[in-house]
Amino acid sequence: MTTSDQTLDAARPRHSRGKGRWLALAGGLALLGLWATAVVTDVGRAHGGHGPTGAVVPTPVVTAAAAPAAFQAPDRRVVLPAGGAQVDEYPVSFPHTPEGAAAAAVALTRYSASLDYASVSEVLRLYTTAGAAKAADSAAAAATSAARTRLGVAMTGPAPSDASVFAEPYAVHWIVAAPDKVRVSVLSSVEYRTGEKLTRELVAAASQWWWDAAAADWRNR
């Protein structure tokens with residue numbers, strides 16, 4: 001088992017066992033204590049009820065938890081690889097490396113935050129296996145319901161134009177658990193907005209990624 005311990009110049013986590021360090025994504029902050037940080041370079045985009053964003057989605061395969069409050073500027077950065085292709089606006093076909101798995105986890109975190117069920121379901125299905133489609137749909141329903149409840153908007157129909165959820169991943173940590181299996185944690189600043197009210201919190205999400213040789217890509221399952 002190996003853990004990341006390098007600088008990210010690109011691409012935030014739940015505590016995981018191992019002595020690896022979080023790597024900071026560009027412009028991010030590093031966690032203190034047992035987490036190491038890595039900086040991610042790309043940025044997320046906010047969406048209301050009409051499209052996906054990069055907020056953390058607590059699903060059966062991605063667990064989320066509030067992050068510790070202590071911070072300091074990251075001392076290590078990493079450049080995460082881009083996907084080799086796109087499905088609509090979503091990057092796919094990441095390299096067969098631990099950094100590729102980390103990049104896929106950052107993409108999932110960023111794009112799976114939305115107030116729109118169809119958008120969240122689309123993203124969760126894209127980054128998992130076909131056999132997990134029903135679980136992805138259930139997770140999407142739970143995630144959008146929780147976000148809408150938090151913002152006090154209706155559970156059905158398009159979300160108000162002034163309501164949105166947005167996640168900006170800025171640190172990542174990974175552990176190579178086995179050949180073609182990588183555990184990734186992503187730390188994000190999640191923003192909830194409705195009207196003039198804006199709240200932010202740090203959320204850490206942990207996920208497991210397997211290399212799918214047939215698809216030549218990483219899958220979250």
Side-chain angles (χ1 to χ4, degrees), residues 1-16 18-46 52-56 62 67 71-113 123 126-127 166-177 179-191 202-212 215-220:
M1 177 182 295
T2 60
T3 63
S4 62
D5 187 9
Q6 59 186 307
T7 296
L8 296 179
D9 205 4
R12 309 175 175 161
R14 175 169 182 160
H15 172 67
S16 61
K19 298 182 179 179
R21 303 183 61 186
W22 284 96
L23 301 180
L25 303 178
L29 295 176
L31 288 176
L32 294 176
L34 296 177
W35 292 0
T37 55
V39 174
V40 181
T41 54
D42 52 343
V43 296
R45 291 164 299 112
T53 66
V56 172
V62 178
F71 298 91
Q72 69 180 21
D75 60 354
R76 303 186 67 83
R77 294 175 181 270
V78 68
V79 177
L80 294 181
Q86 284 187 299
V87 174
D88 295 327
E89 61 184 304
Y90 312 123
V92 294
S93 299
F94 292 97
H96 188 190
T97 63
E99 290 84 353
V106 168
L108 172 63
T109 300
R110 171 168 292 116
Y111 291 105
S112 63
V123 172
L126 179 63
Y127 291 105
F166 163 77
E168 181 184 357
Y170 67 88
V172 65
H173 172 275
W174 65 82
I175 296 174
V176 178
D180 294 337
K181 178 182 178 181
V182 182
R183 298 172 186 163
V184 184
S185 295
V186 180
L187 180 65
S188 300
S189 173
V190 181
E191 175 183 293
L202 295 175
V203 177
S207 55
Q208 297 192 79
W209 296 78
W210 279 260
W211 179 252
D212 184 340
D217 205 355
W218 291 97
R219 292 287 183 257
N220 176 32

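Worth saying up front: this structure is predicted, and the values here are computed from it rather than measured.
- Remark: side-chain polar atoms of Asp212 are not paired, donor with acceptor, to backbone N or O of Asp217 under 3.5 angstrom.
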If you apply the rule side-chain contact (heavy atoms from CB on, under 4.5 Å), what do you find for Trp218 with Val184, and how did you get there?
CA-CA 12 Å; Trp218 291 97; Val184 184; over 6 Å; no
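- Residues Pro81 and Ala103 share a closest heavy-atom pair of O-CB, 3.4 Å.
- Between Ala167 and Ser188 the shortest heavy-atom distance is CB-CB, 4.2 Å.
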Does the pair His96 and Asp180 meet the rule for a side-chain contact (heavy atoms from CB on, under 4.5 Å), with working shown?
CA-CA 8 Å; His96 188 190; Asp180 294 337; 2.6 Å; yes
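- What you find for Val182 and Ala101 is that their closest heavy atoms are CB-CB, 3.8 Å.
- The two residues Thr109 and Pro169 make their nearest non-hydrogen contact at CG2-CG, 4.1 Å.
- Classified by interplanar angle (parallel below 30°, tilted 30° to 60°, perpendicular above 60°), the ring pair Tyr127/Phe94 is tilted.
- Rounding to the nearest 0.5 Å gives a distance of 11.5 Å between CG of Leu108 and CZ of Arg219.
- Within the model, atoms OG of Ser207 and CH2 of Trp174 stand 13.0 Å from one another, a figure rounded to the nearest 0.5 Å.
- Taking both residues in full, the closest heavy atoms of Glu89 and Gln86 are given as O-NE2, 3.2 Å, listed atom of the first, atom of the second, then distance.
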